[in-house]
Amino acid sequence: MDPAGQTVFGSAKPQMWDAGGENPQAGARPAAPGAKFLRTAPGGFGPATAAPKAITNGTKQADLGVTLEGEKLTLTPDRQLLDAAGTTYPVVIDPTWDAWKQAWTIAYKHNAFPSSAGTNYWNGGTLSKDARVGCAKDAQNGNAVICAKTFFQVGMKDYWDKQILESTLRIKQKSAGSWSCRSGDIHVWDTGTISKSTTWNNQPDWQRLVDATGQSYGGRNCPGDGALYGYTAGGVAMFTFPAQANGGFAAPVKSWTRTKEQWDYARTKFTVGDYDGDGRADAALMYDHGDGHGALYTLLAEPDGTVGDAVRSWDTPEEYWYASNTSMPVSGDADGDGRADVLSMYNYHSGATGAFTFKSRPDGGFENGFLSWQTLPGTW
């Protein structure tokens, strides 16, 4: 802890584990007693086996010894695990540690308290000890809208000459403002510098979307979240539940799939409507390809109740449309031509909000979206 009470360095319990779990890496082998292992295997054994990334059933594991002397932190591997006859190499020594925030602040506004949008909440201030993101309604104050964004500042001075192989932002989500299945994604952005002048009305520049996830309370795992299914191991599938004469549904039928390398569920917005006017419900998928590259896909319904392959009809260049920065799209016949169109709200980095309409075509695809309604920053 620093004098201000902020965590300077934190770590989960450091551990080590071998490659002998349920899904061992190809070529992994038990150690011979007293054997020495190198990062690169000597000739005759081929290349070194890839290290297992996680602990699974059957993995042999042990805690690392930890000692702190002045500014020196020492981690000591467990000798018994290294020398055990049943240990399967390679062994991962994984001192997960946390170069956490130097400072943080919340940009916050509460429509029932106009001054909140111009108030700085440095390190949480008088508002909260927890980070806050998203918007919700305050039932105790006439359903006034509350919105918040949290900014973290991580010092890089100590890493100036270091090679960073991997970094992960880990935050425990404690609650959410939506109990529905439309709570939206959580975004991580690179922004400009924060200060004690940062407020909702004075936010830093939003420079780059780093990542987004749909794994939030009220999000992807809700019952009734639609027939697009995101697998825990990655990849997606479209399921159809055929209607029965008694008003119920038959067992689901899987008709469209993508692997985790082809499609990320967390980057998908999903809606349903009859986009080609044939009387059958189709699916529209708004997808964030990353770097501001958005696209709209149609999965047309077949007579047997399944869907065809995804057809892309609207596409943008990079840094043009962040699909994950939109609301959940909705379907409806906006122009009265008998075909459903897609409508979506878009949140600009400036704080402005716009409504876009994507008119459907006879082939079930979509025309380029056009802005049909827009508000000034801070008014919606």
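Hydrogens, waters and symmetry mates play no part in the numbers below; they use all other heavy atoms, side chains included. Along the sequence shown, residues carry numbers from 1.
- The aromatic ring centroids of Trp256 and Tyr297 lie 6.0 Å or more from each other.
- Both the sub-6.0 Å distance and the 45° axial angle are not jointly satisfied by Lys60 relative to the ring of Trp17.
- Of the possible polar contacts, one joining the Asp333 side chain to the Gly338 backbone as a donor-acceptor pair under 3.5 Å is found.
- Between Trp206 and Phe151, the ring center distance clears the sub-6.0 Å criterion.
- Remark: the Asp304 side chain and the Thr306 side chain contain an N/O donor-acceptor pair separated by less than 3.5 Å.
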_Applying salt bridge (Lys or Arg N to Asp or Glu O under 4.0 Å) to Lys359 and Asp335, what does each step give before you reach the verdict?_
CA-CA 8 Å; Lys359 296 178 66 174; Asp335 56 4; 3.5 Å; yes
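- The aromatic rings of Phe239 and Tyr229 sit perpendicular, their planes meeting at an angle over 60°, well past the 30° parallel limit.
- Ring geometry for Trp321 against Phe356 counts as perpendicular: the plane angle is over 60°, on a 0 to 90° scale with 30° as the lower cut.
- Using cut-offs of 30° and 60° for the angle between ring planes, the Tyr287 and Trp263 rings count as tilted.
- No option in Thr150, Thr119, Ile146 other than Ile146 meets the side chain to side chain contact (heavy atoms under 4.5 Å, CB included) test with Tyr108.
- Using a 3.5 Å distance cut-off with no hydrogens or angles, the side chains of Thr271 and Ser331 do pair a donor with an acceptor.
- Relative orientation of the Phe366 and Tyr275 rings is perpendicular, given thresholds of 30° and 60° on the angle between their planes.
- Note on Asp83 versus Arg79: salt bridge recorded, some NZ/NE/NH1/NH2 to OD/OE distance being below 4.0 Å.
- Remark: the Asp315 side chain and the His293 side chain contain an N/O donor-acceptor pair separated by less than 3.5 Å.
- We find that Asp309 and Arg258 are joined by a salt bridge, their nearest charged nitrogen and carboxylate oxygen being less than 4.0 Å apart.
- Under the 4.5 Å side-chain criterion, counting only non-hydrogen atoms from C-beta, Ile194 is in contact with Trp122.
- Among Asp341, Thr298, Asp337, the one residue that satisfies the side-chain hydrogen bond (donor to acceptor under 3.5 Å, both in side chains) test with Ser360 is Asp341.
- Put simply, Leu299 and Val253 are part of two different groups of oily side chains (I, L, V, M, F, W, Y) that touch within less than 4.5 Å, one to the next.
- Aromatic ring pairs are classed by plane angle as parallel below 30°, tilted from 30° to 60° and perpendicular above 60°; the pair His187 and Trp189 is tilted.
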